[in-house]
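Contents: one structure, followed by commentary.
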Amino acid sequence: MATRSREKAAARKQNADKRPQAHAKYIRISSRKVKIVIDLIRGKNVDEALAILQYTPKAAAPVVAKVLNSAIANAVNNQELNRQNLYVAEVYANPGPTLKRYVARSRGSASPMLKRTSHISVVLDQK
């Protein structure tokens, strides 16, 4: 039984996506707000995407730029790809765990407050 699970793990590792990628987890911005920013750079050249993120006045732009720079560094250093040929193949933001808090209201009552988090992933590819 343990041999079968090892075989499955080896097959999963062999079929894993070989494209350079980077992930940022538990970012304290809701995925809904991050998706507005990542829609701007999907399918763009990496230099063009960084320029777009630099001049985007949203709170998620610096975080997405950081993840994109990490993916570029992974591509150049680990897989020895040319930076000029890279583009943003996939970028997505999934919701992470929600922090449940309470905020004070009038007459001694309280209301729930949801502090949402997100997981951001960037996958690059060559032209």
Side-chain angles (χ1 to χ4, degrees):
M1 183 145 173
T3 307
R4 176 73 178 142
S5 62
R6 269 188 252 132
E7 289 173 2
K8 287 172 78 174
R12 199 176 314 118
K13 191 173 184 180
Q14 182 181 5
N15 295 333
D17 198 4
K18 302 292 186 207
R19 298 182 293 182
Q21 54 190 334
H23 308 283
K25 294 187 173 189
Y26 307 106
I27 304 300
R28 265 289 291 124
I29 303 172
S30 72
S31 61
R32 185 175 173 183
K33 293 178 182 178
V34 175
K35 287 177 185 180
I36 295 170
V37 175
I38 64 175
D39 286 340
L40 298 173
I41 65 166
R42 188 175 286 119
K44 300 275 195 302
N45 186 357
V46 291
D47 294 326
E48 185 180 349
L50 285 173
I52 290 170
L53 291 173
Q54 184 179 359
Y55 294 106
T56 302
K58 294 283 188 183
V63 178
V64 175
K66 216 171 183 182
V67 178
L68 180 59
N69 279 325
S70 177
I72 293 168
N74 290 340
V76 172
N77 294 325
N78 297 345
Q79 298 181 1
E80 296 161 359
L81 301 176
N82 190 1
R83 182 186 167 119
Q84 281 74 30
N85 297 335
L86 294 174
Y87 73 98
V88 181
E90 295 176 20
V91 57
Y92 46 90
N94 296 324
T98 302
L99 303 171
K100 280 93 173 176
R101 300 291 183 261
Y102 288 95
V103 62
R105 294 292 182 201
S106 63
R107 298 188 209 167
S109 63
S111 296
M113 177 191 291
L114 301 177
K115 297 188 172 193
R116 301 185 186 275
T117 62
S118 60
H119 303 313
I120 304 170
S121 299
V122 175
V123 180
L124 303 179
D125 206 355
Q126 283 188 319
K127 289 184 182 175

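Just so it is clear, the model here is predicted, and its values are computed rather than measured.
In terms of the salt bridge (Lys or Arg N to Asp or Glu O under 4.0 Å) criterion, R116 has no residue partners (sequence neighbours excluded). For the side-chain contact (heavy atoms from CB on, under 4.5 Å) test, residues two or more places apart in sequence or in another chain that qualify with A49 are I41, K44, L68, V88. Under the rule for a ring-ring contact (aromatic ring centres under 6.0 Å, His included), the partners of Y26 that lie at least two apart in sequence or sit in another chain are H119. When the salt bridge (Lys or Arg N to Asp or Glu O under 4.0 Å) test is applied to E7, the partners found at least two apart in sequence or on another chain are R4. By the side-chain hydrogen bond (donor to acceptor under 3.5 Å, both in side chains) test, S121 pairs with H23, sequence neighbours left out.
Across every non-hydrogen atom of A75 and L86, the tightest pair is CB-CD1, 3.7 Å. Between N74 and P20, the closest heavy-atom pair is C-CB, 4.5 Å. Taking both residues in full, the closest heavy atoms of A71 and A22 are given as N-CB, 3.6 Å, listed atom of the first, atom of the second, then distance.
The hydrophobic cluster containing Y92, built from Ile/Leu/Val/Met/Phe/Trp/Tyr side-chain heavy atoms closer than 4.5 Å, comprises no other residue. Counting side-chain heavy-atom gaps under 4.5 Å among Ile, Leu, Val, Met, Phe, Trp and Tyr, Y55 is found in no cluster with other residues. In the hydrophobic clustering, where aliphatic and aromatic side chains (Ile, Leu, Val, Met, Phe, Trp, Tyr) are joined below 4.5 Å either directly or transitively, L99 stands alone.
I120 and V123 are assigned to two separate hydrophobic clusters, defined by single-linkage of ILVMFWY side chains at heavy-atom distances under 4.5 Å. The hydrophobic clustering, which links ILVMFWY residues whose side-chain heavy atoms are closer than 4.5 Å, places L81 and V76 together.
For residues 33-42, the salt bridge (charged side-chain N to carboxylate O under 4.0 Å, His left out) pairs, not counting sequence neighbours, are D39-R42. Here side chain to side chain donor-acceptor pair (under 3.5 Å) pairs that include residues 75-89, with residues two or more places apart or in two chains, are D47-R83. Residue pairs meeting the salt bridge (charged side-chain N to carboxylate O under 4.0 Å, His left out) criterion with at least one member in residues 50-75, sequence neighbours excluded, do not occur. Under the salt bridge (charged side-chain N to carboxylate O under 4.0 Å, His left out) criterion, the residue pairs touching residues 86-108 are R19-E90, with sequence neighbours excluded.
Side chain of S118 to main chain of I29: a donor-acceptor pair is present (N/O by atom type, distance under 3.5 Å, no hydrogens or angles).
No more than 12 heavy-atom neighbours from other residues, nucleotides or ligands sit within 6.0 angstrom of CZ on R32.
In this structure, the separation between CD1 on I38 and OG1 on T56 is 12.5 Å, given to the nearest 0.5 Å. E48 CD to L50 CG: the interatomic distance, rounded to the nearest 0.5 Å, is 10.5 Å.
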